[in-house]
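For reference, the structure is listed below as structure tokens.
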Amino acid sequence: MLLKTVLLLTLVAQVLVLENGLLRTPPMGWLAWERFRCNTNCKVDPKNCISERLFMEMADRMAQDGWRDAGYTYVNIDDCWIGGRDDKGHLVPDPERFPRGIAFLADYVHSLGLKLGIYQDMGRFTCRGYPGTTLDKVVQDAQTFAEWKVDMLKLDGCFSTPKHRAEGYPKMSAALNATGRPIVFSCSWPAFEGGLPPRVNYSLLANICNLWRNYFDIRDYWWSVLSILDWYVAHQDILQEVAGPGHWNDPDVLLIGNFGLNHEQSQAQMALWTVLAAPLFMSTDLRTISAQNVDILQNPLMIKIHQDPLGIQGRRILKERSRIEVYLRPLSSKASAIVFFSRRIDMPYRYHTSLARLNFSGSTTYEAQNVFSGDVISGLQNDTNFTVTINPSGVVMWYLYPIKNLHMSQQ
């Protein structure tokens, strides 16, 4: 079976190239699933059920509360929106929860300067049991999404086989391109194949999908964040080189603003996802989010680093016996993002190091701006010893740049 799948993928690679020109930097937006799940009981919980009201209210908040202007532009529907198929086989939304249809919702979102994403599944059913996209429905569904003016499609992989996925994901990519509408393609394909070669051909995947999930779903607690981070670090030699403009690894959504992370852990996830050049999809209630969490998510320097045009995924460069880890992401203009991350749970730790220990060389003099506090350290050279104090489960994040590029930190 594996050999047949590999042969099919090789054939597909010869005829299909995505190159839709989209997502030259990692996407940013809001996604319903982690916070609102499959809540369809609008009679009992009208404010929080999966409905046009929920997505319109989140779009309102994104437009009015600074999210859109900060760079968060996608409003993404997840599972549980589908009402069925009509007598011609077209997908239709649930008529009670989306009474004016998806095209209306897309127009509303677009009127606010935002983009709409939608969800489907490359199988008989979605993960929550709604009608999926079987192979015979791929072209029809792609045309439906384009007619609705959807801007992103997340295609899950529940209730599918390896053979169907190997045929269906490339077929959907081609069908989306054939519509003539620019639609970002988010694939869950690698997550259903174990996330790693040889079952996952990332060179091929980059020609089919704009971003892809390759590990388990995140859950609203700190251990889940760590488990995803650990998997990305364990396989960073594979994953780092396949990410870049137009095609991104997706470790799943940000939990910031929900119930499972404290302040230090929220800052840590934001910093680590940024250094990994991961998509930044919030999944929280923007109507009630705290000012403290808004500050984390709308941090201008953080977003500047995240959207760096080089699009290089960072990696862990150092793991200390003290349970301190250091991550680095190369940026444009010879700058770098450095994250000092503590896995300790006891007390703040004073970490002593130098740029030389972090593999910097040469005679360049740097300045470092603390991404969260804004404090600046001047005159750093390779042999300069310095100390950062990192709170338990927390981070210190630096934007490090050569002195001659001082002005860049202020743009």
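- Between the side chains of Asn214 and Tyr202, a donor-acceptor pair is found at a separation under 3.5 Å.
- With hydrogens and angles left out, the side-chain atoms of Trp212 and Asn249 include a donor and acceptor closer than 3.5 Å.
- Panel note: side chain Gln64, backbone Arg61; no donor-acceptor pair is recorded below 3.5 Å.
- The closest donor-acceptor contact from the side chain of Gln313 to the backbone of Ala278 lies at 3.5 Å or more, if one exists at all.
- Between the side chains of Asp141 and His90, no donor N or O sits under 3.5 Å from an acceptor N or O.
- Classification of Glu57 and Arg53 as a salt-bridged pair holds, one side-chain N sitting under 4.0 Å from a carboxylate O.
- For the residue pair Asn48 / Arg287, a side-chain donor-acceptor distance below 3.5 Å is found, with atom types taken as modelled.
- Looking at Gln307 and Thr25, their side chains do bring a donor and an acceptor atom within 3.5 Å of each other.
- Judged purely by distance below 3.5 Å, without hydrogens or angles, the side chains of Glu320 and Tyr351 pair a donor atom with an acceptor atom.
- When only modelled atom types and interatomic distance are considered, Thr284 and Arg35 share a side-chain donor-acceptor pair under 3.5 Å.
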Given the rule in the salt bridge (Lys or Arg N to Asp or Glu O under 4.0 Å) test, do Lys319 and Glu325 qualify, once you have shown the distances and angles that lead to the verdict? CA-CA 5 Å; Lys319 180 182 180 181; Glu325 300 176 2; 5.1 Å; no
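- Asp252 has no carboxylate O lying under 4.0 Å from a charged side-chain N of Arg219, or vice versa, which leaves the two without a salt bridge.
- Between Asp308 and Arg329 there is no salt bridge, since no side-chain N of the basic residue sits under 4.0 Å from a carboxylate O of the acidic one.
- The two residues Phe281 and Val253 come nearest to each other via the heavy atoms O-CB, 3.3 Å.
- Side-chain N/O atoms of Asp156 and Gln120 include no donor and acceptor closer than 3.5 Å.
- A donor-acceptor pair shorter than 3.5 Å cannot be found between the side chains of Ser266 and His263.
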With side-chain contact (heavy atoms from CB on, under 4.5 Å) as the criterion, how do Tyr215 and Asp230 come out once you've worked through the C-alpha distance, each side chain's angles and the decisive distance to 0.1 Å? CA-CA 11 Å; Tyr215 194 61; Asp230 289 343; over 6 Å; no
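- Using a 3.5 Å distance cut-off with no hydrogens or angles, the side chains of Glu367 and Ser378 do pair a donor with an acceptor.
- Residues Ile228 and Phe216 approach most closely at CD1-O, 4.1 Å, considering heavy atoms.
- Residues Asp86 and Lys88 are not paired through a salt bridge, judged by the lack of any N-O separation under 4.0 Å between the basic side chain and the carboxylate.
- Not one N or O on the side chain of Ser173 forms a donor-acceptor pair closer than 3.5 Å with the backbone of Tyr169.
- If you look at Trp33 and Tyr119, their ring centroids are not closer than 6.0 Å.
- For the residue pair Ser188/Arg213, the side-chain donor-acceptor check at 3.5 Å is not satisfied.
- Inspection of the Thr387 and His352 side chains reveals an N or O donor paired with an N or O acceptor under 3.5 Å.
- A ring pair (Phe, Tyr, Trp, His ring centres under 6.0 Å) with Tyr366 is found for exactly one of Phe360, Phe386, Tyr399, namely Phe360.
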